[in-house]
Amino acid sequence: MLYLGPTLFGFILGFVLGSRIKSSPDSKIHFPISSYLVVLIAALFMAWQIGPFPYYTDTPLATGFVAAIIGILAGKVIFDR
């Protein structure tokens, strides 16, 4: 059974945080799409190491953590400032 509470809360929190990340036009730092892929792979590995919330047996991952990382990336891409 999939529990939507932590997943939905993680995504909303990540989306809000991701929408607040601003890119400075004066900054010489540029993140290509490959850097986002590396962050997503590292986040999946971390979520696997964290494990599910107590008494949740839906997946071997921390679904709230994965949803938060996806929300951060989605908020950053959609509201790229």
Side-chain angles (χ1 to χ4, degrees):
M1 180 173 192
L2 181 66
Y3 296 96
L4 292 178
T7 306
L8 187 62
F9 180 72
F11 183 79
I12 291 171
L13 183 66
F15 190 79
V16 169
L17 289 174
S19 68
R20 303 305 305 161
I21 298 173
K22 296 179 183 176
S23 299
S24 174
D26 299 333
S27 176
K28 298 197 189 292
I29 298 173
H30 177 68
F31 292 108
I33 195 72
S34 60
S35 64
Y36 292 113
L37 184 63
V38 169
V39 168
L40 188 61
I41 290 170
L44 285 173
F45 180 72
M46 287 175 60
W48 177 65
Q49 290 295 318
I50 292 171
F53 290 105
Y55 308 111
Y56 291 2
T57 57
D58 52 349
T59 63
L61 299 173
T63 54
F65 184 78
V66 172
I69 294 297
I70 292 172
I72 288 173
L73 294 176
K76 174 67 178 142
V77 169
I78 292 173
F79 296 110
D80 191 23
R81 299 174 185 227

Could you list who else is in Ile41's hydrophobic cluster, with ILVMFWY side chains joined at under 4.5 Å, directly or through other members?
-> Leu37
Can you sort out the partners of Pro52 under side-chain contact (heavy atoms from CB on, under 4.5 Å), two or more places apart, ordered by chain and number?
-> Tyr56
Pairing residues for Ala47 by the side-chain contact (heavy atoms from CB on, under 4.5 Å) criterion, not counting sequence neighbours | Leu61, Ala62, Phe65, Val66
Under the side-chain contact (heavy atoms from CB on, under 4.5 Å) test, residues paired with Leu17 that sit two or more places apart | Leu13, Ile72
Residues passing the side-chain contact (heavy atoms from CB on, under 4.5 Å) test with Tyr36, sequence neighbours excluded, are Phe31, Ile33, Leu73, Lys76
Does Ile70 belong to the same Ile/Leu/Val/Met/Phe/Trp/Tyr cluster as Ile12, with side-chain heavy atoms less than 4.5 Å apart forming each link?
-> no
Report the C-alpha distance between Phe15 and Ile78 in whole Å, list the side-chain angles of each, state the deciding distance to 0.1 Å, and finish with yes or no for side chain to side chain contact (heavy atoms under 4.5 Å, CB included).
-> CA-CA 9 Å; Phe15 190 79; Ile78 292 173; 3.8 Å; yes
Say whether Leu40 and Trp48 are linked into one hydrophobic cluster, either directly or through other cluster members, by side-chain heavy-atom distances under 4.5 angstrom.
-> yes
Where do Ala67 and Thr7 come nearest, in terms of heavy atoms and distance?
-> CB-O, 3.2 Å
